[in-house]
A.B. asks: 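Below: one structure in structure tokens.
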Amino acid sequence: MPELPEVEVVRAGLEPAITGATVTAVQIFDERSLRRHTAPAEDFVDRMIGSTFAAPRRRGKFLWVPVDPSRTDSALVVHLGMSGQVLLREPDAAVDRLTRISIDMTNPEHGPVRVDFVDQRIFGSMALDTLVESGDLPGDLVPSQVRHIARDPMDPNFDDARFFTRLAARNTGIKRALLDQTLISGIGNIYADEALWASRIHYDQPTSALSRPRAKTLLAEVRLVLGKALAEGGTSFDAQYLNVNGESGYFSHSLNAYGQQGLPCPRCGRMIVREQFMNRGSHFCPWCQRVRGAN
DNA sequence: CCGGACTCCTGGTTGC
DNA sequence: TGCAACCAGGAGTCCG
């Protein structure tokens with residue numbers, strides 16, 4: 001499941017190839033991948049062709065590429081959903097069966113390139129959207145679809161104090177809060193479980209009863225887990241995720257809790273369990289991670 | 001504000 | 001072998 005590290009790897013890989021490139025052709029193989037484009041597919045194609053991209057940007061799991069920034073306030077917004085991949089291909093390379101959108105472009109330095117949006121489950125999407133003020137920093141522009149998304153913990157402008165305040169004001173469970181992209185973005189099921197395991201916090205620990213020191217530990221562990229994944233090039237145990245060069249970037253060996261049910265906890269040796277929570281699996285060590293009172 | 005249910009979706013796996 | 005049921009979950013929406 002692409003989370004912040006995987007999306008960042010895609011962004012970084014795309015940057016040298018598409019910054020300054022001009023779109024020459026667009027093929028839509030499946031219009032469902034344009035679900036978040038509010039106008040018809042023809043509108044998407046018409047506006048894309050001839051457009052020149054600025055450097056790709058990211059907030060949480062959202063990626064966007066400003067289009068002709070001096071002339072327009074548009075951006076190509078990309079979300080990978082559950083199974084999305086953005087692949088950089090030679091213009092004459094074969095098109096993968098699950099390719100939903102294919103974009104041909106010319107880069108003034110590198111010549112013709114092709115970007116393929118491949119997505120098995122079609123939870124991901126591409127869309128052209130309007131850039132608007134983010135509202136938290138003057139002059140900071142984000143696509144309107146991304147405006148409600150909080151800054152992610154790797155963002156230099158992430159406000160730790162504000163996060164702790166908002167977290168403490170919540171009346172909910174900690175994992176639910178971690179997965180709430182309007183509170184903190186970029187964290188999905190895998191890294192939520194990993195950061196909670198590292199912090200020895202139970203997924204259903206009430207946020208209101210989570211002490212400030214433990215919240216600080218958790219945020220630090222979130223950053224460690226994301227940073228480690230970033231350094232390793234993203235996680236994908238099921239090889240759904242490929243980076244922009246089509247190289248598999250998985251390192252499931254470094255997971256301590258996610259998908260480790262039935263295996264010994266790397267810390268205490270007791271068995272990791274998996275429970276259904278929020279319509280998804282939660283993996284944790286029942287010994288190390290227990291719900292605590294106001295401590 | 002909160003949480004639960006529901007929707008989108010299909011390849012791989014499991015079970016008979 | 002063949003087929004159907006089941007599973008994975010990011011994010012948005014709706015409802016009580």
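These numbers come from a predicted model, not from an experiment. Chain naming here is simple, since letters A, B, ... match the order of the sequence lines and numbering starts at 1 in each.
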A.B. asks: OP1 or OP2 of dG10(C) less than 4.0 angstrom from a side-chain nitrogen or oxygen of Arg121(A), does that happen here?
C.D. replies: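 Looking at the OP1 and OP2 atoms of dG10(C), neither is under 4.0 Å from any side-chain N or O of Arg121(A).
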A.B. asks: Within the 4.0 Å heavy-atom criterion, would you say Arg166(A) contacts the bases, only the backbone, or no part of the nucleic acid?
C.D. replies: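 Counting heavy atoms under 4.0 Å across all strands, no contact is made by Arg166(A).
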A.B. asks: dG10(C), dC9(B), dC2(B): which one has an atom nearest the side-chain heavy atoms of Asn171(A)?
C.D. replies: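 Looking only at side-chain atoms, Asn171(A) lies closest to dC2(B).
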A.B. asks: When you measure from the side-chain N and O atoms of Thr172(A) to the phosphate of dG3(B), is any distance below 4.0 Å, counting only OP1 and OP2?
C.D. replies: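 Checking dG3(B) against Thr172(A), a side-chain N or O does come within under 4.0 Å of OP1 or OP2.
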A.B. asks: Quick one, give me the B/S/- string for nucleotides 11-16 of chain C, reading 5' to 3', where B means a protein heavy atom under 4.0 Å from the base and S means that only happens at the primed atoms, P, OP1 or OP2.
C.D. replies: SS----
A.B. asks: dA8(C) phosphate, OP1 or OP2: any side-chain N/O from Tyr258(A) under 4.0 angstrom?
C.D. replies: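 No, because none of the side-chain N or O atoms of Tyr258(A) sits under 4.0 Å from OP1 or OP2 of dA8(C).
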A.B. asks: Using a heavy-atom cut-off of 4.0 Å across all strands, would you classify Gly124(A) as base, sugar-phosphate, or nothing?
C.D. replies: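 Gly124(A): no heavy atom of the nucleic acid under 4.0 Å.
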A.B. asks: If each of Gly173(A) and Asn279(A) is mapped to the nucleotide of DNA chain B with the nearest heavy atom, which maps nearer the 5' terminus, i.e. the 5' end?
C.D. replies: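 Upstream on the strand: Gly173(A).
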A.B. asks: Whole angstrom is fine here: how far is it from CG in Asp119(A) over to P in dA8(C)?
C.D. replies: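 In whole Å, dA8(C) P lies 19 Å from Asp119(A) CG.
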A.B. asks: The criterion is side-chain contact (heavy atoms from CB on, under 4.5 Å); which residues satisfy it with Arg274(A), sequence neighbours excluded?
C.D. replies: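 Partners of Arg274(A) under the side-chain contact (heavy atoms from CB on, under 4.5 Å) test: Gln261(A), Gln276(A), His283(A).
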A.B. asks: With respect to the phosphate group of dG9(C), does any side-chain polar atom (N or O) of Asn189(A) fall under 4.0 Å of OP1 or OP2?
C.D. replies: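 So the side-chain polar atoms of Asn189(A) do come within 4.0 Å of the phosphate oxygens OP1 or OP2 of dG9(C), strictly under.
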A.B. asks: Taking the side chain of Leu98(A) as its heavy atoms from C-beta onward, which of dA8(C), dG11(B), dC9(B) lies nearest to it?
C.D. replies: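 It is dG11(B).
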A.B. asks: Looking at dG3(B), I'd like to know if its phosphate oxygens (OP1 or OP2) sit under 4.0 Å from a side-chain N or O belonging to Arg176(A).
C.D. replies: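 So the side-chain polar atoms of Arg176(A) do come within 4.0 Å of the phosphate oxygens OP1 or OP2 of dG3(B), strictly under.
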A.B. asks: Give a yes/no on whether any side-chain N or O of Arg35(A) is located under 4.0 angstrom from OP1 or OP2 of dG10(C).
C.D. replies: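 It does not, given that no N or O in the side chain of Arg35(A) lies less than 4.0 Å from OP1 or OP2 of dG10(C).
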A.B. asks: So, are Asp96(A) and Arg89(A) salt-bridged, with charged N and O less than 4.0 Å apart?
C.D. replies: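 No, Asp96(A) and Arg89(A) are not salt-bridged.
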A.B. asks: Looking at Arg100(A) and Met126(A), would you say the former's side chain and the latter's main chain have a donor-acceptor pair under 3.5 Å?
C.D. replies: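 No, Arg100(A) side chain to Met126(A) backbone: no donor-acceptor pair under 3.5 Å.
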A.B. asks: Do NZ/NE/NH1/NH2 and the carboxylate oxygens of Arg58(A) and Asp152(A) come within less than 4.0 Å?
C.D. replies: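 So Arg58(A) pairs with Asp152(A) through a salt bridge.
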